[in-house]
Amino acid sequence: MLYVGAAFAILQGVELLVDALHLPAIVLTAAAIASVIGLPVALVVSWALDIGPDSQASPRQREGWLSWRTVVAGAALLVAGVLLGMAPQFFAATEPVAVAEPVRRYEIRLPEEAPVDFVGSSPLRTPVRAFAITPDGERLIYSGPAGDGVSKLFVRRLDDFDVEAVQGTEGAYRPFVSPNGRLVAFFAHDELRVVPIDGGPVRRIIAAPNPRGGAWLGNDRILYKDREGTQTWIIAIDGGNRQPVRVREPGNPDGSPIHLIETMYPTPNNRGLLVIAFPGNERSPALIVWDPDSGAVNEVIQMPVFAQAVNGGLVYAYGNDLLAVDYDVESMRATGEPRRVGTDLRRDGPLPQFVLSEKTLIYATGAPYRQVQVARITPEWRLESTAIAPGQYRDLAVAPDGGRVAATLASGSSDIWVYSLADGQGRRLTRGGANHHPMWSDDGDTIYFLHENSDDPVGMYYTSSSSATFEKELAYETPNHADEVHSGDLAMMVVTEGDEFDYALVNLRTRETTMVSDQEGVHETLGNLSPDRRWVALTTDASGRYEVIVKPVDSSTSPVQVSVNGGEEPRWSADMREIYYRYGTKLFSARVYTEEGALMVSTPAVVFEDSQWINVGGYSYWPDPANGGFLILRADDPPTTRSLRVVEGWQSIRPETARSGATH
């Protein structure tokens with residue numbers, strides 16, 4: 001009772017001092033805690049020293065200071081002190097607190113003679129994913145120039161200034177690294193190949209004509225797409241009998257196909273592939289996880305984005321920004337608020353140029369490869385510029401008088417513009433929805449085009465080429481596009497069914513349809529009707545790669561092959577004495593003649609070449625009726641870069657620390 005009374009008196013005094021001196025409240029709190037802790041200490045000491053109202057002598061007179069009571073009391077006080085010191089650990093959370101990795105942003109510069117090449121040796125000169133990263137985030141593997149129009153692989157450690165060429169990889173493009181970080185798969189000379197990152201012999205896995213990318217399925221299997229992405233295969237890279245297995249695109253519960261876009265990235269723990277797809281009859285794509293073994297599909301984001309995922313996070317492109325969200329491996333779901341982790345992203349068409357590991361994000365900046373200029377090839381095979389400013393053009397069509405060009409301008413929206421070749425001035429022709437594939441009528445007064453993504457029926461429409469107001473009329477309701485329209489409204493129509501593209505001649509007035517090519521399992525596209533309307537030159541992959549053939553409209557005789565080692569985009573000369581076609585950066589010409597009534601074609605020869613002539617997914621050159629020669633689309637800048645941005649610790653970037661404005 002004496003201790004309690006004394007403690008109460010002391011606390012009253014401390015309270016008066018706190019009020020008088022304006023001391024912090026923690027002083028009174030500390031005094032109260034000390035008085036509570038002191039009570040058991042006082043009791044133990046009193047027992048040890050036998051202090052109490054019944055004591056007759058001092059402790060020294062009875063037993064001395066060191067006794068069994070004092071030893072026990074000291075040990076008890078020591079144990080109590082240790083337990084009191086450890087108490088916070090027992091009451092604290094048992095889960096370890098994750099320490100955020102510091103975020104480091106910097107830029108790496110590659111040697112002038114070894115930049116990243118975003119096209120490489122791709123046979124059709126289309127932009128590809130140009131670099132990859134090891135799972136530990138420490139090494140960059142990329143495709144760069146090797147001279148003589150080919151490319152090869154280079155490796156650069158992020159903590160080093162030098163790059164090393166991977167021997168034996170000439171012609172390499174589209175590299176992708178195995179999950180264990182030991183192997184790099186790539187394509188070269190129409191083959192899928194594999195090489196150890198640390199050096200070693202290159203293995204040729206299998207022929208893959210016109211490949212469109214691939215992804216590792218674990219460390220011993222690869223999924224790849226060939227024939228311009230029309231066929232998908234899985235192959236084991238080890239073992240004596242490497243036979244690929246054809247993979248069908250997944251389907252919806254109602255049996256309708258889910259159409260996949262070619263770029264695929266593995267998910268963490270090999271749970272499937274992240275891929276952009278068109279689920280069901282949706283016209284808007286979504287990001288899904290697809291398991292090619294089981295066919296299972298799990299939707300991640302209802303947005304047309306390209307993404308890559310690692311444990312804990314998923315990064316996707318939104319415009320020219322890179323956004324990150326949390327990613328749950330088990331549920332395969334993206335959760336949480338997005339945060340911006342990269343800006344000024346380079347996008348070659350829809351393909352964003354970035355790669356990531358769990359700790360490192362690397363991406364390219366700058367203008368896309370599809371920023372193009374309209375140039376002219378003269379009859380003497382010289383290259384000249386035109387007055388039209390560079391832009392994201394595709395689907396050009398030259399007016400019959402040669403003075404105007406209609407083009408699809410893919411900048412924000414997709415619309416048809418008409419440009420003057422004399423002064424480069426342009427006028428927007430269409431408004432509303434997505435409009436593309438313009439075609440001139442023979443008199444130049446009308447432009448036909450494909451219209452979609454609006455409340456109007458999807459199909460081929462036509463409008464005045466010179467009217468100040470835009471009014472369109474439906475010519476033919478169809479989801480398919482045409483490559484050309486001739487007098488009498490005769491259209492060369494591409495007919496799409498599943499994975500197959502076929503050709504038909506369609507009379508837009510009578511709806512009469514004549515199939516020109518309809519081979520099962522064969523992709524046929526990019527055709528041109530001969531001036532006498534008797535023959536069609538077209539592109540086909542019946543042999544496994546794209547080749548140019550000529551066949552009669554009435555199918556009266558067998559097709560005649562024109563190209564020898566690959567070809568596409570055939571064009572007849574006005575006098576039908578030559579057929580032109582392109583392959584990569586080269587324009588070929590083959591002489592056409594008859595022998596004993598049969599159509600014959602000479603061995604083709606290269607007549608023009610330009611390293612910046614690009615492939616836009618359709619025709620990329622057009623006859624110039626006013627001046628002779630052709631108009632072509634060529635890159636405004638070389639498809640290379642020496643600068644890449646690196647973000648280490650990107651998963652530590654949170655919404656509150658990221659730059660505002662990111663939207664999901």
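Quick note: residue numbers are just sequence positions, from 1. Heavy-atom basis, side chains included; hydrogens, waters and symmetry copies ignored.
- Using a 4.0 Å cut-off between charged nitrogen and carboxylate oxygen, Glu648 and Lys359 do not count as a salt-bridge pair.
- Distance alone, capped at 3.5 Å, places no donor-acceptor pair between the Tyr546 side chain and the Pro209 backbone.
- In this structure, Arg246 is positioned above the aromatic face of Trp233, its NZ or CZ under 6.0 Å from the six-membered ring centre and within 45° of the axis.
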**Message:** Set out, in order, the CA-CA distance, both residues' side-chain angles and the distance that settles side-chain contact (heavy atoms from CB on, under 4.5 Å) for Asp541 and Asn210, then state yes or no.
**Reply:** CA-CA 10 Å; Asp541 68 350; Asn210 290 337; over 6 Å; no
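- The environment of CD in Glu112 is sparse: at most 12 heavy-atom neighbours from other residues, nucleotides or ligands sit within 6.0 Å.
- In terms of heavy-atom proximity, Val564 sits nearest to Tyr581 at N-OH, 4.1 Å.
- A donor-acceptor pair under 3.5 Å is formed between the side chain of Asn219 and the backbone N or O of Asn180.
- Rounding to the nearest 0.5 Å gives a distance of 11.0 Å between CG of Leu287 and OH of Tyr265.
- The only option from Phe186, Phe154, Tyr173 that meets the ring pair (Phe, Tyr, Trp, His ring centres under 6.0 Å) definition with Tyr142 turns out to be Phe154.
- Using a 4.5 Å cut-off on side-chain heavy atoms (C-beta onward), Gln651 and Asn311 make no contact.
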**Request:** Starting from the C-alpha separation in whole Å, work towards a yes-or-no answer on side-chain contact (heavy atoms from CB on, under 4.5 Å) for Arg139 and Val177.
**Result:** CA-CA 11 Å; Arg139 284 186 289 183; Val177 182; over 6 Å; no
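- The shortest heavy-atom contact between Asp190 and Pro211 is OD1-CD, 3.9 Å.
- Heavy-atom contacts from other residues, nucleotides or ligands closer than 6.0 Å to CZ of Arg642 number more than 12.
- For the pair Phe588/Ser563, no side-chain contact is recorded, criterion being any heavy-atom separation below 4.5 Å from C-beta on.
- Put simply, OG on Ser357 and CG on Leu140 are 11.0 Å apart, with the number rounded to the nearest 0.5 Å.
- Of the possible polar contacts, none joining the Arg376 side chain to the Thr386 backbone as a donor-acceptor pair under 3.5 Å is found.
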**Asked** Can you check side-chain contact (heavy atoms from CB on, under 4.5 Å) on Glu484 and Asn528, steps first, answer last?
**Response** CA-CA 8 Å; Glu484 53 194 48; Asn528 183 229; 2.9 Å; yes
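- Atom OH of Tyr106 has more than 12 neighbouring heavy atoms from other residues, nucleotides or ligands inside a 6.0 Å radius.
- At least one donor-acceptor pair under 3.5 Å links the side chain of Glu547 to the backbone N or O of Gly566.
- A donor-acceptor pair shorter than 3.5 Å can be found between the side chains of Thr232 and Lys225.
- Rounded to the nearest 0.5 angstrom, Leu322 CG and Arg645 CZ are separated by 10.0 Å.
- The minimum heavy-atom distance linking Ser414 with His436 is given by the pair OG-CB, 4.2 Å.
- In terms of heavy atoms, Ser143 sits closest to Ala172 at OG-O, 3.0 Å.
- Counting heavy atoms from C-beta outward, Leu274 and Gln308 have side chains that stay 4.5 Å or more apart.
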**Message:** Apply side-chain contact (heavy atoms from CB on, under 4.5 Å) to residues Thr408 and Ile416 and explain how you reach the verdict.
**Reply:** CA-CA 5 Å; Thr408 302; Ile416 309 298; 3.7 Å; yes
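- Enclosure of atom CD in Glu578 by more than 12 non-hydrogen atoms of other residues, nucleotides or ligands within 6.0 angstrom is indicated.
- At distances below 3.5 Å, not a single donor-acceptor pair connects side-chain atoms of Arg346 with backbone N or O atoms of Thr641.
- Remark: Glu569 CD to Arg582 CZ distance equals 5.0 Å, nearest 0.5 Å.
- A side-chain donor-acceptor contact under 3.5 Å links Gln612 to the backbone of Ala635.
- Aromatic ring pairs are classed by plane angle as parallel below 30°, tilted from 30° to 60° and perpendicular above 60°; the pair Tyr419 and Tyr393 is perpendicular.
- For the atom pair CD1 (Ile206) and CG (Leu192), the distance works out to 8.0 Å, reported to the nearest 0.5 Å.
- Put simply, the side chain of Trp622 reaches to within 4.5 Å of the side chain of Leu633, judged on heavy atoms.
- A cation-pi arrangement is not found for Arg156 relative to Phe131, the charged atom failing to lie both closer than 6.0 Å to the ring centre and inside a 45° cone about the ring normal.
- Counting heavy atoms from C-beta on, the side chains of Val195 and Val184 come closer than 4.5 Å.
- Tested against Met264 for a side chain to side chain contact (heavy atoms under 4.5 Å, CB included), the candidates Tyr224, Phe176, Trp290 yield a single pass: Trp290.
- Checked by atom type and distance alone, the side chain of Ser652 never pairs as donor or acceptor with a backbone atom of Pro102 at under 3.5 Å.
- Of the possible donor and acceptor atoms, one in the side chain of Ser178 sits under 3.5 Å from a partner among the backbone N and O of Leu183.
- You'll find the side chain of Leu526 reaches within 4.5 Å of the side chain of Tyr619, heavy atoms only.
- A distance of 13.0 Å separates CH2 in Trp650 from CD1 in Ile362, rounded to the nearest 0.5 Å.
- Looking only at distances, no side-chain donor or acceptor of Asp395 sits under 3.5 Å from a matching main-chain atom of Ala407.
- Annotation: side chain of Val275 is in contact with side chain of Ile288 (closest heavy-atom distance under 4.5 Å).
- Distance alone, capped at 3.5 Å, places no donor-acceptor pair between the Thr640 side chain and the Pro115 backbone.
- Ser121 and Ser151 share a donor-acceptor pair across their side chains, judged by distance under 3.5 Å alone.
- Minimum heavy-atom separation, Pro570 to Val548: CB-CG1, 3.6 Å.
- The environment of CG in Asp159 is crowded: more than 12 heavy-atom neighbours from other residues, nucleotides or ligands sit within 6.0 Å.
- Aromatic ring orientation, Tyr621 versus Phe630: perpendicular (interplanar angle above 60°, classes split at 30° and 60°).
- Heavy atoms only, all atoms of each residue included: Ile549 and Gln561 are closest at CG2-CA, 4.1 Å.
- Looking at Phe118 and Val116, their side chains come closer than 4.5 Å, going by heavy atoms from C-beta outward.
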